[in-house]
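Take a look at the structure below.
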Amino acid sequence: MQNQNPILISLSELKIKKIIMEFNSQFILDTLPALSLLGFGLIVMLLDAFKNEKITSVVTILGILISMLLAVPGVVIPEEIRLTFYNQIYTGGLAGLIHILLCLSGLLSVPFITDYLQKNNQTHLQGEIFSLILFSSVGMNLLATANDLMMTFIGLEIMSVSLYILAGSFKKDLRSNEASLKYFLLGAFASAFLLLGISMVYGMTGTTMLDRITTIDPNLIKDKFPVLFYPAIALIAIGFLFKLSAFPFHVWTPDVYTGAPTPLVGFMATGSKMASVIAFGFILNSLLPQSGDKLSQVIAILALLSMIYGNIVAAQQQNIKRLLAYSSISHTGYMLLGVAGGPEGYKAAIFYMLIYTFMTIAAFALISSIENKEEDLNYQNWSGLGVKNIAFGLIMSILMFSLAGFPPFAGFIGKYFVFLSAVKGGFVVHAVIGILTSVVGAYYYLKVLVTMFFEKPKDNIQPKTLKIRKNILIPIMVLALIIVIIGIIPAPISSYLDILYGKAGFLAKL
Amino acid sequence: MDIQNLLPLVVILPFTGAAIIGLLGFLSPNFRKQEGLIGGLAVAMVAIPFVIYLIAFLNFDGKPLIFDLFSWMETPDLKIRFSYELDELSLIMGMIVTGVGSLIHLYSISYMHGDKGYYKYFLYLNLFIFAMTNLVLGDNLVVLFLGWEGVGACSYFLIGFWFKDMEKAKAAQKAFVANRIGDFALLTAMFLIYSTTGTLTFREFLYIGYDPVTLKWICLLVFIAATGKSAQIPLYVWLPDAMAGPTPVSALIHAATMVTSGIYLIARMSWMYYNAHEVLAFIAIIGALTAVSAAMTAIAQNDIKKVLAYSTVSQLGFMFMALGAGAFTTAIFHVMTHAFFKACLFLGSGSVIHAMEHAHAAPDPQDIRFMGNLKKYMPHTSKTFFISTLAIAGIPPLAGFFSKDEILGKTFAAGHENTIYYLVWFIGICTAFMTAFYMTRLYVLTFEGKERFQYQRTHDEHAHHEHDDHHHEPHESPAIITIPLWILAILAIVGGFLGLPEIIGHGHYNWISHHWLGGGGSPLVKNITLHASFFTEIILIVLSIAIGVIGVSLAWKLYTTQGLQGDEVVKSKLGGFYKVLQNKFYVDEFYNAVIVRPFVFLSDRFVMFLDKEIVDGAVNGAADLTDITGGIIKKLQTGLIQNYVLIMVCGVIAVIAYLML
């Protein structure tokens, strides 16, 4: 415990030679997935600078795909997970899978963003938006696979700063500006908590390396620093809970989701949360004495409050983006209930996040396809739309049913695993209340469908463009199909996650 | 190539066919017009699996072939995998389903020509084959149940295929409801099996000991499920109405395959039934009663498809008699021969109906009172129909004789143990006589005798203006229809030789019971106690031949000489009872009065109140509560960043306080 911070030691002049000597080609190979994302981000920026922004979307998709492919060799061998780059990050095995999962939300969003920008005559923004998406994907990757709390913080900031800018990418749109500013101010506020927490942990343990912290008995630290211990962990947790938009740290969510360009919200709401929940669970498991700790209780309570608050307020919303923003708070609640439920639940939370990624990106993409003016977002104006445009109605029904957690859609499976692990983790009451709140959820999701299918069309106020444009219809249909398929055959994916987790030994302590 | 690698195709191909036809048909109106493409694809997706079954059958070495597609759901206590098992029983069922299935697909290409829902029809048909494959191949009850529900759904779609006709839509609904009652019993049986054994996989729960009461209940519930699907008393009412669907569908689903799935299921679980004697006797009695009442009803029907429908119910009754006697292999044997001749009969009737429709000759193209002498116009149809009629009537050496004789022989032999089986046997003999009679009546009234229809000749004014003369004459169907007819007719001739009676070489030449299904390691119990002495056997055979011959010749003589007047003779013999038969024992009326109307009344008056006032009230109340609380809480979201920070700080303080205290 009296050890000095290894980074500081390494940075001292004596060791600097050693660092250079230690640096080898293996490091480059290990970090290649993240590096390639970074590289493609730079390429996209350059393309933009030389007025080639039209091909940026293709290059972005290509870049993300290449980066995902580079992570595949590690995933194939689950035992491969190990530390690399001066023990800063994990690579291979589960870390590879995490990388692939995190890349998904960027990959899936790009076609919809391209289309949206075309529709709004903002194609000149493509270059910066896509390079920011790539950069924030790098940040997500570092955040989720970091072994060093400093690296965690750096990853979080790379990710967040990119997102702040993305939220305000429609520079002449006031709401977009407002979203960006609010997100930035509150985000900076939350980051400060996180950083304070990290420094307190360093003060108590003398290191920021999670693999070393795990070797120290938390009870020893707790006894030695009774006043510091819980506040430190709480502050770190709050940093993440903000990113996850859990009650009461959700305050930014409705305003940012409503103001930011619609398909970008899909990206912001998924990838960053996935990365945060992975890192959150990992850090908690490293710091805490055992899973049934007081902090688990706090998380479970916050999960519950998020579910109740998110669902009840969402039921009040007429603006579909705002409705989804509040409902995302409730989905955070479901996910956190998993995190509170211990290692099993942590897996369930990641699975839930994956399903949520598909549903949310598809939902925002679908909304963006009919959005022309502010009033189009009010779903009360959608009466009869489902009958008029069958494809829109059908896909919206799949998404709403899935978000509400009806079988046989993916959303049901996600909820099932989360509640199962919550019950196993001893949070029976929480699970019951959670299920009750999801009934409220069903109320407002279905209300959208009722308006779309069973109410007489009011022609004068309906959205003008009813047609989903061809170039995004197929990606949306693919997403809807994935949601149905996961709902029917979840076992392959969930058991694969099991295997990787088993091999990773991340949670061996618990 | 290793057959093991090909096996998954038997499940995947029909599904792929349905998916492709459905998707392309839904998306592209041009595709819907490509009848050749749709039909060809659909046939291939059934014919290729048939070839695979055939290869598997020829290479079969007694070890069940198991293949596993994927795990469906996994919880700690219950793992359900999409895994399939090909053993002797499922191989033979699979071959019947895909063999007869591909012939009927082929036939449908021509039969459904020009129909608006052409692509939908083949979509449902391929989907049906997929579901049926799941039903007969699944190695656990869950996959079987999926198939069971799947065939039910496809049957529902196809009965109501021309749903714009309210009668047909109602028939579909009736079939669905009757089937659901059976499905409920099957589900209950599954729960019972799972709660007793903790597994739903056949090879794990079939061969273990049960306490007698549980066993009895499981067997009884599964049998109730079978009465729904396989149209037995009391749930058989849907099958005659199911004839509202296109005729090839009646041949495939409502004669050859789906309706035998109840028999399949009981045969599959024969190791359990074998120990439940009371249930077996009960099954035999129900089977016999169904067989005889359906046969009696068939005598007084005039719709060609209705007669065949009642005859199907009656033949299914025979199969249940065999099951009830413990002769499981015999039941499967009859499933097979019945698939041949009944499919042939139905397809033949379809050919006739088409011809009659084309000729605009009769007010109702299905009414045999307006037919007669059709053999003049339709030589192939009439010949194949005749062959199959003799087969179902039990005239040797056609297929129906062997299987029906074996059923009667086994039931008689079972009389040693329990005298009730003698009664069953006696009912069976009577039914066999009636079968011969009404089937011959059907054949003669349709194809022989005088023409009782008037197609519009050239001198008819209408025809003169609009059409050629020969267009109005009923004429033979094209080759694509007659070829399947002939293949099935030939099978109806030779199929019986797979199960030669015991008097020939002590049953050693009875391939199906002795070598295939009765071999060691077979999933079926071979009941060796069911064995009569040589002379008894001879007498029984002579008796059943005599019954068949008498039935056929009586009806032949009556109806060739008297034509429709023959019915008057029957009527005079039966008196008032004939009217009861004509009205199908008033069962529909009875069900309507006792079940349907009270039920509708109850839901109208009582449940509506419950639903509207109490349930809706509670739901609306909850919604209002949500709205009110939501309206209050949403005021937290002011849009002012200072307030947001304040909320967050409160949150931080609360969290830390909770942890520290």
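Here is how names work: the chains are called A, B, and so on, in the same order as the sequence lines, proteins then strands, and each is numbered from 1. Bear in mind the structure is a predicted one, so any value in this text is a computation, not a measurement.
Heavy-atom pairs under 4.5 Å with chain B were tallied for A:Ala315, A:Pro231, A:Ala190; the largest tally goes to A:Pro231. Counting heavy-atom pairs closer than 4.5 Å to chain B, the top residue among A:Leu186, A:Val440, A:Leu185 is A:Leu186. The residue among A:Leu241, A:Asp255, A:Leu181, A:Ile301 with the most heavy atom pairs within less than 4.5 Å of chain B is A:Asp255. Residue with the most contacts toward chain A among B:Thr629, B:Ile656, B:Asp627: B:Asp627 (heavy-atom pairs, distance under 4.5 Å).
Environment of OH in B:Tyr156: sparse, with no more than 12 heavy atoms of neighbouring residues, nucleotides or ligands closer than 6.0 Å. Within 6.0 Å of NZ on A:Lys182 lie more than 12 heavy atoms contributed by other residues, nucleotides or ligands. In the displayed structure, B:Phe15 atom CZ is contacted under 6.0 Å by at most 12 heavy atoms of other residues, nucleotides or ligands. No more than 12 heavy-atom neighbours from other residues, nucleotides or ligands sit within 6.0 angstrom of CD on B:Gln173. Heavy-atom neighbours of B:Leu23 CG from other residues, nucleotides or ligands within 6.0 Å: above the threshold of 12. The local environment of CZ in A:Phe184 is sparse, with at most 12 non-hydrogen atoms from other residues, nucleotides or ligands closer than 6.0 Å.
Residue contact with chain B, scored on non-hydrogen atoms closer than 4.5 Å, involves the backbone and the side chain of A:Leu295 alike. Looking at A:Tyr444, neither its backbone nor its side chain comes within 4.5 Å of chain B, counting heavy atoms on both sides. Interface remark: B:Ile653 contributes no atoms to any contact with chain A (heavy atom separation under 4.5 Å). For A:Phe249, the parts lying near chain B are the backbone and the side chain together; criterion is any non-hydrogen pair under 4.5 Å. The part of B:Phe70 that comes within reach of chain A is its side chain, from C-beta onward, which places non-hydrogen atoms under 4.5 angstrom from that chain. Of the atoms belonging to A:Val227, heavy atoms from both backbone and side chain fall under 4.5 Å from chain B.
Residue A:Lys294 comes nearest to B:Leu659 through the heavy atom pair NZ-O, 3.0 Å, listed as atom of the first residue, atom of the second, then distance. Here the closest non-hydrogen pair linking B:Gly651 and A:Pro248 is CA-CG, 3.6 Å. Contact record, A:Ala234 with B:Val655: CB-CG1, 4.0 Å, taken as the closest heavy-atom pair.
Distance check, rounded to the nearest 0.5 Å: OG1 of A:Thr253 to OH of B:Tyr644 gives 9.5 Å. Here A:Gln316 contributes atom CD and B:Ile628 contributes atom CD1; the two are 9.5 Å apart, rounded to the nearest 0.5 Å.
No donor-acceptor pair closer than 3.5 Å links the side chain of B:Gln637 to the backbone N or O of A:Pro254.
No side-chain heavy atom of B:Ile641 sits less than 4.5 Å from a side-chain heavy atom of A:Val251.
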